Amino acid sequence: VENVLKRHVNLVALVVVLMAQAIGLAYQIRVKRGPDDVRLIRVWTVGVIAPIEKAVVHTGDFFGDIWHNYFYLRSVRLQNERLSDENTRLRLEQVRLAEDASQAQRLKALLKFKEQYVSATLPAEVIGGSGSELSRVIYIDKGSREGLKPDMAVINATGVVGKVIRVFPTTAQVLEINDQTSGIGAILETSRLQGILKGAPTGESQLNYVMADETVKPGERVLTSGGDHIFPKGLAIGTVTSVKSGEGLFLNIRVRPAANLNRLEEVLVVTKIDERDVEAPAEGPKRAADILAERLPSVPAKPPEQPGAAAKPGTTETAKPPATTRRPVVAHEPATAATPKPASTTPGTAKPGTIGTTNVVPAGSRRAAGANEAATGTTKPKTITDTPGAATKPKLPAGTTITTPAPAAPPKGSAAPAGQKPPASDNKPPSETTPQ
Amino acid sequence: VSTQNIFYTSREQLEVYKFAPLVIFVVPLLAIGMQSFIFGRFGWLAIIDLPLIVTIFFSVARRSPVSGLATGCVIGLIQDALTDHPIGVYGICKSIIGFAASSIGAKIDVDNPGSRFLMTFVFYIVHQGLFLFIMRGMVRAEVMLSWQRLLVGAVLNGIIAVILFAVLDRFKQRT
């Protein structure tokens, strides 16, 4: 035996080393440990490599900052002008988007959606990576001392970067979304199809588990679905670059990440995500439920029985104004209020596109009272034209009726129909409807 | 007899080199550090595997399978520590490459740029194949390789190896 060992000492050494590593590998795979457990060899290696990388990166940044901030200012003036123009354009766009967001918020509140908000982020600098294209891992210069924990989302200005997988005292390991072992819940922006985004061998990303009979077009944006409980819903992941019929039941969808994962310098670690019910803006123009109540035929409330008055069945119905021209004022009340509403105001009946053109009736108007008064003829109803763009209205006395041009409100931004007088105080800008 | 003499002489002509301890320690660490730094900033350059090239260089130059095995094992394990894989994946791959490279270095002349390119080209493909085998067979991870990237990587690493070997030749010391 000794002779054999001596003659094949190299081979024996190879076998011994490989066996030792294979046993070590098998041990790691079989034993499940908590997410915070980091092996000593990783701690040692990162402890040696990370400070050197940090020093190199920070020294480079120091000299780069001096150069760019004090010497190389050639195009700053031009850039300033361009940014100023862009700022003006974005302000205008913001007003429009705020209006859309307000509408969306009201609808979400109606459907009792819970929404996740990125409430705290921590900026970090990329100091290195795994050094292997088969393991898309980067290192950032923030760690457990700054409060980082495994499974925190990492993003940048353009989109999702990855998630924290291991945390060291001053550094953290981030698994990029284009790694083959990563997985992130994704949703296609237009078609709303959901899938799981994983890395491809080529360094790109692919959206898996979208059925082959679905239609997906290149150019469509891919967003986080929020289903993985790591990334908040709605963050940009990337854009579909190609769609092919894959093997089996699913499509082969290639996605180009929104964040340039090949040139990362700074990232943001999402350290806190708040989940809260969506609330409609407090001073919004009108709630969707109110709008529905206004547009759908409803049964007016029963008038209070008055002594001496012969309240016959059907009287109220007879006195009801025509639904197409005059409607009783709908009370402006919180969506959660227990005030009875017409049975037809279920959220599912909301018609998109019919919201922003209705009037505001402030809280305090009483539908029942107005309806009853109109029905009984005790008060002559005042008429206010439904003017597009009317954000807020003056307080109306009880019994005021809003007349909406039938059959549907004109498009947003168009002038009031001829012959109809806008309300005197209806001159507030539409930006008042911006949610807080 | 004459054939045996020629063979014996030709093996003797293959010189065995040694290196200063500092070089043995610093060069692999520098390669791993650079690889990590480059990948962090320029992800598309990660196709170049500097630790693999360094493993091949030291193994071939020292022409000792055991030292090649040890070099590959240490470099691979350090590289593993920087990835998200279980530790030992690159360790096994580079141990085998180190062993094979030093075994080949003891038999053929590897000072020629052409043979250096060819050797690195082949070892890169073998290395990636071993990685795939271990990841799929032992770790049970769904990992795939792209043939185009594999060939591009093999060619690129071959070219880098020719240049890097010429630089590292300066640190060689004759035994």
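It should be emphasised that the depicted structure is a prediction, and the values quoted were computed from it without experimental measurement. We name chains A, B, ... by the order of the sequence lines, and we start the count at 1 in each one.
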Contact part of [X] toward chain B, heavy-atom cut-off under 4.5 Å: side chain, backbone, both or neither?
{"X": "A:Asp179", "value": "side chain"}
{"X": "A:Ile52", "value": "neither"}
{"X": "A:Ala22", "value": "both"}
{"X": "A:Val56", "value": "side chain"}
{"X": "A:Thr181", "value": "side chain"}

- Ignoring hydrogens and angles, state whether a donor on the side chain of B:Ser36 or A:Glu53 is under 3.5 Å from an acceptor on the partner side chain. yes
State whether a side-chain donor-acceptor pair under 3.5 Å links A:Ser132 with B:Tyr90.
yes
Taking the side chain as everything from C-beta on, heavy atoms only, tell me whether A:Ile127 gets closer than 4.5 Å to A:Ile140. no
* Asked: Are any of the side-chain heavy atoms of A:Leu134 and B:Leu145 separated by less than 4.5 Å?
  ->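 In short, these two side chains touch, coming nearer than 4.5 Å.
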Counting only heavy atoms closer than 4.5 Å, note whether [X] contacts chain A via side chain, backbone, both or neither.
{"X": "B:Gln148", "answer": "neither"}
{"X": "B:Leu132", "answer": "neither"}
{"X": "B:Leu69", "answer": "side chain"}

Would you check if the distance from the ring center of B:Phe19 to the ring center of B:Phe25 is below 6.0 Å? no
Out of [options], return the one with the most heavy atom pairs under 4.5 angstrom to chain A.
{"options": "B:Gly153, B:Gly91, B:Gly98", "result": "B:Gly91"}
{"options": "B:Met135, B:His85, B:Gln128, B:Gln79", "result": "B:His85"}
{"options": "B:Ile96, B:Val66, B:Ile92", "result": "B:Ile92"}
{"options": "B:Ala141, B:Cys73, B:Gly68", "result": "B:Cys73"}

The complete set of side chain to side chain donor-acceptor pair (under 3.5 Å) pairs with one or both residues in residues 48-61 of chain B, sequence neighbours excluded, reads none
Run the side-chain donor-acceptor check on residues 249-259 of chain A: report pairs under 3.5 Å with partners two or more places apart or on a different chain.
| unit_1 | atom_1 | unit_2 | atom_2 | d |
| --- | --- | --- | --- | --- |
| A:Arg254 | NH1 | A:Thr202 | OG1 | 3.4 |
| A:Arg254 | NH1 | A:Glu204 | OE1 | 3.4 |

query: Any ion pair linking A:Lys163 and A:Asp228 (charged N to carboxylate O, less than 4.0 Å)?
result: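 Judged by the 4.0 Å cut-off on N to carboxylate O distance, A:Asp228 and A:Lys163 do not form a salt bridge.
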